[in-house]
Every structure is written in structure tokens, then in C-alpha cells.
Amino acid sequence: MRKYDYRKIESKWQEEWERNGTTGAEDDSSRRKFYVLNMFPYPSGAGLHVGHVESYAGADIIVRKRRMEGWNVLFPMGWDAFGLPAENYAIKSGVHPAESTAANIDNFRRQMKSLGFAYDWPRETNTSDPAYYRWTQWLFLLFYKNGLAYRDKAPVNWCDSCQTVLANEQVEGGACERCKNEVVQKDLEQWFLRITEFSDRLLDGLDGIDWPEKIKAMQRNWIGRSEGVEIVFRSERVRKSESEKDFSISVFTTRVDTLFGVSCVVLAPEHPLVKEIVTDEHRATVGEYVKQAQGKSELERTGTELDKTGVPTGATVKHPFTGEDIPVWIADYVLATYGTGAVMCVPAHDERDYGFAEKYGLEVKEVVVSDGESGKLEAGSGKIVGGGEGEKGRRGEMGQAFIEKGRLVDSGEFSGLTSEEAIDKMVEALASKKLGEKKVNYHLRDWLISRQRYWGPPIPIIYCDKCGEVPVPEKDLPVLLPDDVDFNPTGESPLTASKTFHDVKCPKCGGDARRESDTMDTFVDSSWYFLRYCSPHDGEHAFSSHDVARWCPVDLYIGGAEHAVLHLLYSRFFTMVLYDAGLIPFEEPFLKLINQGMVLGEGGEKMSKSKGNVINPDDVAAEHGADSLRMYEMFMGEFEDAKPWDTQGIVGVDRFLDKVWMTVHDVVHTERPEADDALDRLLHKTVRKVSEDIEAFKFNTAISAMMIFLNEWSKSATGGRETAGTFLKLLAPYAPHIAEELWHELGNEKSIALEEWPKWDEALTKDEVVTLVIQVNGKLRDSLEVAAGEDEERVKEMALANEKVKGYIEGKEVKRIVVIQDKIINIVV
RNA sequence: GCCCGGGUGGUGGAAUGGUAGACACGAGGGACUUAAAAUCCCUUAGCCGCAAGGCUGUGUGGGUUCGACUCCCACCCUGGGCACCA
């Protein structure tokens, strides 16, 4: 049985706060601003998840405390409302995505309000609202005008089950991140955003922002900057027939120092030179191999690990230094999309090359870079031999290639140089022959934003037979999504089915034209939503530069880590583009990022429908109240760690809140004296602990401190209205409803959310009497109660006079006494 | 393979060089009650001991230090991310 009716007081105060606009940001530039943002949710049919609650409650606590401290805080919420699930639901049920999305949003909003999150509701934003996506389209045109949006035919990722192309970032291990279906490569004409132009800025910017190292590392890896050398291998071939022309192959390598170990040059099967260079003798086998490689999915090609396949082309190229003939092969372990689509194969110094060379019995050149200890590769076998003991033997066992740097051997004029020196010298030598130069490559690809689906913002482009690609004039925005469409996916956008949409007049020449029928990736919507919140009702601009300059960048961004190389990378890219366009005065959108830890099921496994271990926050709130739910999630463990749900554990928080209720009521109804010295000191300690812990996101230990205080206070006969008021202010960010109710029962009129955050007196957080631990040789033997700040000599005397201590030091020589003031004394004998 | 984390009671977790296990759950015992619920009080790392007390203990093995969960080295296990990027 609960001690109070949380249902009644929670809904009462939620209505009251909404009526009085208690939680809004103010248009007041005289106070310090603070912009806290939760990643906005996709409003799914399943409603809010306890993981959402974790994230939102953490942000809400920070926000409420900062507001009480006098900051002008912006804390908005909105909906990432476009996306596939709504469309898939429409295919199944016939309900229009706009309709199901609106219903889901209503449910999400109801849930959020029922949990008392202090969002600035008048700023609510919905990406599927024409008033929003009009500006998403406007931003696309801005990119287009600046040469940052382009259409290109390229091999792209296609998901057959979602019936659309995907960005590289949306492919996980060769499968669609959404449906886990295998992704295939297709050559299609698609729209791209030129994110690669920002590779270095996206990389460098990471150094200046306060984000988890993990996310930064993921972005660095994803951008994948790699410095190396592009080497040109020339054919200089002796022509056997007219069809055989001279050619040259560029390869990219980060290890030009191993150039004297090259066994062959390997092209990706898709490399454009393949058809040109293959000799008549090998044309059939090469053609067969290329066909077979293209039939393989990404998953098959990358899944085979070290089992390399390939075929020779019959062609040869000249080694740039020795002039030796180097055979040219094709193999599908070489990626067409990275570097030049061709590599030099150096079996002695690269494990993949080693595997390839071994399989096909290619000539394996001996080690050309050595650490001076390792043995050489045994001619022909490729095994490292003659290593001897220790280091060398170990390396031999692990086999294969020596991939570290060292000193060059058997490398002509470069022999004897270190790898680093050799790289410089070789680049110089290659450059003078025009056979090579330094080159930087990136893993990052341009962002493919076309989607062959309905429920997204239409790409504002018109194709005219006469004028070609024509951007929709700004005055004609938004390009509205039509309603007369067939949702069943056919591989073409459902928008092509709409005649009213598809057939238009060219804005330039007035002739017959057709609209681009693809929509944009929903990640485009979410790349700028944090700007829209600053002036959500602006009908003239995507955002007001004035308001954005006031509120942005976002000071604190809280959300899941799953967006590391998606939303979090794209938003940074958008921000840089808008900065360059002179529209915003900053280059990084989110100064500090915190990832909440995942809330796991009771067994410690991920919550999932199939496991049947999903906890519904509505159920928990109905049974325990919103305050208990919020507070329990904060108490479960460290905010950033994954933690399992424990249905039994929440009663601890119930009991705590009940005890708060009883204790404050006792204060209200009896004439309790104000806190005595001991309780007052504990209160000051608690104020400090809670204040500091909130700033450090250590909500669990802040709650623990409040529990400790309450346990003492409820037992004490002292601690009146003043104590109660201070305590309730500390509690208010965590459990806003009960705090508000009791605050009013104490006789206050104004909302506790508008009160001032309590301060602590540093002197009162220190005890007058401290427990001093006595150790002998580092082992705990006894303790002393002494006045704080007691003199060191005096403490030593007391310790040596201690009866227990005497027993341990009797007959031994005291070598040293270590005294740490007010903490410990260690006697070394 | 590479890059981040993490390993502490029956459980969630505290403690970032100074009394390991705060706080909470669970469990055991007691009070109140005709009874139950609720509440309150006590016990709760392990081992030895009637007790006073002692010994052991933070994944494993070493090291630094008066003192190590905390710092250093090596290893084991585990969660997550990336992965034929040349």
C-alpha cells in the first residue's frame, strides 16, 4: 500500500505546469543560456520504451536543476516522423502513414507528459509536417546550389526487402541495418550529398568537442583517413597484336617501403582496365571470373576472410625501379570502391597478399623490410625461416607476413634505410619519374540520400527534356507528398504512380517535364532539427539566424550510441555546410554528448518482443507512479552503463518516496524544531553531494545521498519546515510531482520548479570530529575519534599510546609513521 | 585481427591511492497484529571461534608504494563497435 495517491497528484501538477507554462524557455537574453537536447524519437506504434525514459529522465534532471540555478534553458521535443515502419504498416493495413504517425505521436506526447518531462511543448516539431519538410527541401536546394548535392550513376547498396537504396552508413556487415536482409550492389542513378569534401574537417573537429571517446573513435574509423602513395605501374609492353595497347595501372599503398617485395599487381574485378588489358589467351577465364564475382553479394565476398580467389590476366607491368615484369591479376579481395581499385601484392609484408600468393603459388619475394631479428622468407615456400629463439620464433609461428616497419633489405639503393626514411626517398624518386605521388584516401563515401519510398520529403528537382535537371524554385516549396499513390513497393518510388505529382511543367521553359519521384533519406530531416527548435514557427526561414545564434550550439546532447556514424556524423556535416554558407556562427552542433546506457531485460539480455522481456513504461507508471519510474531508472546504475531491469528493485524507490511523504507530513502537522547541528551538517553534505553528482551524471549516488539523509531525518525529532523545503528542492528534479505537492503543503504558492537551487556551506559539510584509522604495517588495527584538524604530533602520540597498537609494535622498532590528516595513521615497524 | 568499455557479496551497484562492499533489492530473525499487509528494529562477503578476536578476500600472476579495487607489466574471461580500406 502506497502512502499517497500518486495518480491524483501527478495529473494535477502536469495540468498545472502546462497551464502556467512552467517549463518553457524564456525570450530573455540577459540570463545564461543552456540548450539541452534529447535525440528526438521515431514515433513508433510500440510507444515509449524504458530506454527512452532513461535518456529523457537524465536530461530532465539536468534541465530542472539548471533552471532552478537561474539559467535560461531550452529543452525542446519533437518527432522524427518520416520513415519506413509507417509505410510498411500502410502496406499491411491500408492506413495512411500520415494517419498512423499522427496517432503514434499523440501517444508519445501523452506518455511524455504523463512522466512529467519539462519539455518546451510550444516548440514541438514534426519532420513530416509540410511546414518542416519545406525547409528540408530548401536545404537540399542550398546544397545543390553550392555543388554539394549531385546526381550520379554509381554502384549503390540495394535492399530487396525494403525496396530501396541505402547509404553506406545504413549497411551493417553487408546487411540492411533495418531489416537485416542481405544488401546487393546495383548500378543506379541517385542523389548524393558531398560529405567527402568535409572529411578532414569532420576529423579535426572531433578534437574540440566533449564526446565519449568511443563515438569519436567510431567516427574516425568511419572516415578512415589513410596516408599513402599512389604508384603508377606502366605496361611498356611488346605488342603482339593491334588490340594490345600500352596502359598504366595506379595502385594505392600505405607501405611504399615494401615496393621491392611486390609479386604482382591485383585489380578489382570491376576495374575498368580489366577488359582492356586482358590477353586473348586469358580473356575467357577472366570474363568468367568477373561474372562470378559480380554474382556474389557483398556478404559472400567479404565473408570468406582469408580464402582468396583470383585469376591472371596475362598482362604484365614494369616495376618502377627494377624494370622487372610484374604479372597483373584480378581478385575479388581487392575493392573497386577504395583507393584506385588496384593494389600491389607484397606477400612478405601483408597477410592478405600472403594468403593470395600462397594459394596460387605466386613468386614470393623475400623480406624487404626487417626488424633485424626476424628470419627471411624461405624461397618458394614463403615461410619465415632461420628465426631462432624468442621474438623471431614467435613471429615465425604466427606465420606469414611481417607487417611491422623496420629497416630495408634487398631494396636496391634504398637498402639500409628505415621504413620512414625509405617512404620519403621513394616518393621523391617516384615523383621525379612521374611514377608516383603522395595521396590521402578515405573510407568515407558520399552520402546517398535517394530513397525509392513514399514516406519522406520529396526531392525538389524536375527533369525537363529540354533543360535537363531543374531545381524547384524556392517559391514553389514545399513539394507536397501526394495522396493518390500505391504504397506497394515495386522498386520504383510510389510517387511515380501519382499523375498529379509526377507530370509537371518545367519551371524554366514551361514544357512538359516530370518530377523526381524519390524521397530523401530521413536522416536528412534529423540533420538540422536542432536548429528548427530555435524558431519553430518561422514561416519565412528554415531557422532564424538570430535565434540560432542565441541558443546554439547545443550544450548537452543526450541519446543512444547507435547513431555514431549516422545522425551524429550527418548533423556535423550539415552544420559545417551551413557555417560555410554564413547562416550560422559555429561549426560543431553538439558541444557535449552523453550516451545513456541501454536498459536491459531482467536476465541482462537486450529487451525484445521475441524474448518477451519488454518492460512497458506505461504499466510501470500505472503501478508505481511516474516519480518512482523516473527515479528508479536513475537509481539502477551509472547513467552511461547498460543495466538490467529489476521489477523487485523499484519498491526501494517506492518506499523512499512514501517515507518522504510521511516525514514532510509530520513536519506540516507537528511543531518540529529546526534541524539540530548533526542533521544540519548532514543536510549541507547532502546538498553538496546531490549538486555535484547531477553535474557529473552520477544520478544513482545522488539518490543514495538523499536516502541517507532521509533515513536520518525521519528518525530524528528535529528538522522542520526549512529542512523540508531544502530537501524537496533537491528531490524536485528527480521526482517533480511529489516534490511539488509537498512544497505546496508546506504553504508555498509558487512552483518549486521556479525556486532557487539550494546552496551549501562548505564549513558545515565538514565534521568536527573525525574517525582516524590506525594501521600497523598497512593493516587496520583500531580507530580514534579526534577533533578535525588535530595536530600531527598529538595524533602520533595518541596512536602510539593505543592499547591495541601497543600489542602490535611491542618489541619492534618503529621505522616510520605516516599521517594523513583526518584520515589515517600508518605505523611501519 | 583492430578500436573502445567492463570483471567487486545471493542481486543492482558504491568507493579513482587512505576503514572494500555506501545506498537499494533479496534473504534470515524479531516487534506490532486475532491474522495478514504495511511499518519499525537487528543480522547479512567467506572461513575459524562460545566470545573477545583472528585470518582470507575486488578475474589470474607479477611489480611500484608506508598503504593498491584504484597506478604499471603480462595473461584470462566478457560486453560493444569496426573489419579483405592495401
Side-chain angles (χ1 to χ4, degrees), chain A residues 1-3 172-174 212-218 220-222 224-226 228 251-256 258 266 301-308 331-335 337-346 349-353 355-356 403 441-444 561-562 564-565 597-598 600 602 604 606 632 635-638 640-653 655-656 658-659 662 698 700-708 710-711 714-715 771-783 804 815-829:
Chain A
M1 261 292 270
R2 298 299 296 276
K3 302 290 182 193
E172 289 177 349
E213 253 332 294
K214 182 184 163 169
I215 303 286
K216 287 193 191 183
M218 283 168 76
R220 284 191 190 105
N221 285 337
W222 189 258
R225 184 186 156 98
S226 168
V251 306
F252 175 73
T253 180
T254 56
R255 291 298 304 277
V256 68
T258 66
V266 190
R301 274 176 71 164
T302 58
T304 47
E305 292 293 324
L306 290 170
D307 186 28
K308 312 271 182 274
D332 67 4
Y333 80 92
V334 177
L335 304 175
T337 50
Y338 184 76
T340 60
V343 302
M344 62 179 200
C345 172
V346 185
H349 298 290
D350 183 281
E351 285 182 18
R352 296 155 300 182
D353 295 346
F356 184 66
I403 56 171
N441 263 315
Y442 299 88
H443 169 251
L444 186 68
E562 67 274 15
V565 294
M598 212 186 301
L600 304 169
E602 292 223 52
K606 225 173 177 169
Y632 173 59
F635 186 57
M636 284 196 302
E638 186 129 329
E640 293 175 84
D641 289 349
K643 50 228 157 231
W645 184 269
D646 177 10
T647 298
Q648 265 180 338
I650 193 168
V651 306
V653 175
R655 286 177 192 151
F656 167 75
D658 281 347
K659 198 184 255 188
M662 300 303 286
K698 291 166 80 173
N700 53 339
T701 48
I703 292 170
S704 152
M706 287 190 270
M707 287 174 167
I708 292 169
L710 180 67
N711 287 342
S714 63
K715 274 185 252 174
T771 305
L772 192 71
V773 169
I774 309 176
Q775 295 181 338
V776 178
N777 284 344
K779 281 192 187 290
L780 172 71
R781 293 307 177 191
D782 204 4
S783 60
K804 282 186 190 156
K815 282 191 192 155
R816 191 175 160 187
I817 302 176
V818 181
V819 180
I820 307 295
Q821 181 141 64
D822 296 347
K823 283 213 163 140
I824 214 158
I825 173 160
N826 191 11
I827 302 166
V828 186
V829 296

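From a predicted model like this one, the values you see are computed outputs, not experimental measurements.
Using a 4.0 Å heavy-atom distance criterion, A:Asn221 is classed as making no nucleic acid contact. Within 4.0 Å (heavy atoms only), A:Val818 reaches at least one base atom of the nucleic acid. Using a 4.0 Å heavy-atom criterion, one finds that A:Arg225 contacts no nucleic acid atom at all. Contacts of A:Asp353 with the nucleic acid, taken as non-hydrogen atoms under 4.0 Å apart, are absent. Contacts of A:Ser783 with the nucleic acid, taken as non-hydrogen atoms under 4.0 Å apart, are absent. Among the atoms of the strands shown, only primed sugar atoms or phosphate atoms (P, OP1, OP2) are found under 4.0 Å from some heavy atom of A:Ala642. Residue A:Lys698 is classed as a sugar-phosphate contact, given heavy-atom separations below 4.0 Å to backbone atoms only. When heavy atoms are screened at a 4.0 angstrom cut-off, A:Phe656 is found touching no nucleic acid atom at all.
You'll find that the side chain of A:Lys823 is closest to B:G18, out of B:A24, B:G26, B:G18. You'll find that the side chain of A:Lys659 is closest to B:C40, out of B:C25, B:A86, B:C40. Here the side chain of A:Ile708 is nearest to one of B:G18, B:A86, B:C23, namely B:C23.
Within 90° of 0 lies the glycosidic angle of B:G9, which makes this nucleotide syn.
At B:A86, none of the side-chain N or O atoms of A:Arg255 fall inside 4.0 Å of OP1 or OP2 (strictly under the cut-off). Close to B:C25, at under 4.0 Å from its OP1 or OP2, lies a side-chain N or O of A:Arg655. The shortest distance between the side-chain N/O atoms of A:Lys715 and the OP1/OP2 oxygens of B:C40 is not below 4.0 Å. A:Asn700 has a side-chain polar atom (N or O) that falls below the 4.0 Å cut-off from OP1 or OP2 of B:A14. For the pair A:Lys779 and B:U56, the criterion of a side-chain N or O lying under 4.0 Å from OP1 or OP2 is met. Contact annotation: A:Ser704 does not reach the phosphate of B:A24 (side-chain N/O to OP1 or OP2, under 4.0 Å).
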| note | Under a 4.0 Å heavy-atom criterion, the protein footprint on nucleotides 4-10 of chain B, written with B, S and -, is S------

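Under the Watson-Crick or G-U wobble criterion, with both distances below 3.5 Å, B:C55 is paired with B:G46. Nucleotide B:C40: paired with B:G30 (Watson-Crick or G-U wobble, both distances less than 3.5 Å). The partner of B:G18 is B:C66, by the rule that a Watson-Crick or G-U pair needs both atom distances under 3.5 Å. Across all strands shown, the partner of B:G5 is B:U78, judged by Watson-Crick or G-U wobble contacts whose two distances both fall under 3.5 Å.
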| said: Could you go through A:Asp646 and A:Tyr632, starting from their C-alpha distance and side-chain angles, then the distance that decides it, and tell me whether this counts as side chain to side chain contact (heavy atoms under 4.5 Å, CB included)? | reply: CA-CA 10 Å; A:Asp646 177 10; A:Tyr632 173 59; 3.4 Å; yes

| task | Kindly determine whether A:Glu213 and A:Arg220 satisfy salt bridge (Lys or Arg N to Asp or Glu O under 4.0 Å), including the steps that lead there. | result | CA-CA 10 Å; A:Glu213 253 332 294; A:Arg220 284 191 190 105; 3.7 Å; yes

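Residues of residues 337-344 of chain A having a heavy atom closer than 4.0 Å to RNA chain B, listed by number: A:Tyr338, A:Val343.
Taking atom P on both nucleotides, B:G59 is separated from B:U8 by 6 Å, rounded to a whole Å.
Ring geometry for A:Phe356 against A:Tyr333 counts as tilted: the plane angle lies between 30° and 60°, on a 0 to 90° scale.
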